[in-house]
Amino acid sequence: GAVVSQHPSWVICKSGTSVKIECRSLDFQATTMFWYRQFPKQSLMLMATSNEGSKATYEQGVEKDKFLINHASLTLSTLTVTSAHPEDSSFYICSARGPWDLTGADTQYFGPGTRLTVL
Amino acid sequence: GQNIDQPTEMTATEGAIVQINCTYQTSGFNGLFWYQQHAGEAPTFLSYNVLDGLEEKGRFSSFLSRSKGYSYLLLKELQMKDSASYLCAVGSIGNEKLTFGTGTRLTIIP
């Protein structure tokens, strides 16, 4: 149980375009999802916490108008990188807070990640 | 705030045992997680500790001492596929987020 999918797995786009990344919990409902980015050989950096039916909570320094998050259902959250630029190229990973009974904790289960390259 | 410290890199030999340490400082401790991340892939959940002691799961064990703010991940009978980064993450009460350490890159050599 607790499988999270992410789509697309990789995307290449031109500077100035927008890219949407989807994160789905496949076999459980996730009221809370998280979006991270990771640069090569660095750890995960939390961008925002996404709660179903409400506005996302962004971490300090993350532009909410640039990284739009929508958590419209209990199984889907989307991240849209608007007007992408080369410095936005990164590995974007979502996670979903899994069912308590699996581990007895608020364990986060990660999607496979999306590698974004902006030319 | 929260502060998590773990070694940047470690090397170990196939078939041996390795211990990866993690120290943390946090207010309202609410559990410690270990994740494994292979290069270019997303992290996968390994273990969770909220009470003091050792949790064993096959070749992997995780230990926690809340009074010392200390945990370790123990990997036995190392295999080449265990080469990966190991991330220590801490939860805090009243906060949905996890704070991740920078990860320990473990290399297994024949």
Side-chain angles (χ1 to χ4, degrees), chain A residues 1-7 9-10 21 23 30-52 54 56-60 62 71 90-117, chain B residues 1-9 20 22 24 28-51 53 55-57 60 62 64 66 71 83-107:
Chain A
V3 179
V4 178
S5 72
Q6 209 171 318
H7 178 81
S9 55
W10 60 270
I21 302 169
C23 178
T31 55
T32 306
M33 291 184 172
F34 303 86
W35 287 96
Y36 296 83
R37 64 189 296 181
Q38 187 177 36
F39 293 104
K41 298 188 177 181
Q42 295 186 24
S43 191
L44 301 171
M45 187 193 82
L46 180 65
M47 299 175 67
T49 302
S50 168
N51 287 296
E52 185 266 336
S54 63
T57 303
Y58 290 82
E59 294 300 299
Q60 196 171 9
V62 178
H71 194 156
S90 187
F91 191 45
Y92 291 86
I93 312 173
C94 74
S95 71
R97 203 168 63 184
W100 177 272
D101 56 352
L102 271 183
T103 60
D106 289 331
T107 302
Q108 289 185 29
Y109 295 92
F110 287 84
T114 297
R115 190 160 303 283
L116 171 63
T117 302
Chain B
Q2 295 175 313
N3 188 40
I4 299 176
D5 195 31
Q6 52 181 131
T8 306
E9 295 191 19
I20 303 173
C22 171
Y24 65 89
F29 175 78
N30 193 29
L32 187 143
F33 299 80
W34 283 96
Y35 285 85
Q36 179 192 61
Q37 185 178 25
H38 284 100
E41 299 179 14
T44 55
F45 169 74
L46 288 179
S47 68
Y48 168 72
N49 295 70
V50 69
L51 300 176
E55 294 279 344
E56 296 187 74
K57 211 185 270 189
F60 293 3
S62 56
L64 176 68
R66 288 172 296 171
S71 172
S83 292
S85 285
Y86 291 85
L87 308 174
C88 171
V90 173
S92 57
I93 294 172
N95 194 332
E96 301 172 299
K97 303 183 293 189
L98 291 179
T99 300
F100 282 84
T102 53
T104 298
R105 195 172 307 117
L106 175 65
T107 302

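Since the structure is predicted, the reported quantities are computational estimates derived from the model, not experimental observations. Every chain is numbered from 1, with letters handed out A, B, ... down the list of sequences. We use all heavy atoms of the structure for the numbers below, so side chains are in, but hydrogens, waters and symmetry mates are not.
In summary, the side chains of B:S47 and B:E55 do not present any donor paired with an acceptor at a separation below 3.5 Å, with no hydrogens or angles considered.
The greatest number of non-hydrogen atom pairs below 4.5 Å with chain B, out of A:R115, A:Q42, A:K41, is found for A:K41. Ranked by heavy-atom pairs under 4.5 Å with chain A, the list B:P43, B:A89, B:G101, B:A39 is led by B:P43.
Inter-residue side-chain proximity for B:C88 and B:W34 is flagged as met; some heavy-atom pair is nearer than 4.5 Å.
Residue contact with chain A, scored on non-hydrogen atoms closer than 4.5 Å, involves the side chain of B:L87 exclusively. In this structure, chain B has no heavy atom under 4.5 Å from any part of A:Q6.
Counting only distance, with no hydrogens or angles, the side chain of A:T114 and the backbone of A:I21 share no donor-acceptor pair below 3.5 Å.
Scanning for side chain to side chain contact (heavy atoms under 4.5 Å, CB included) contacts around B:T107 gives B:T11, B:I109, with sequence neighbours left out.
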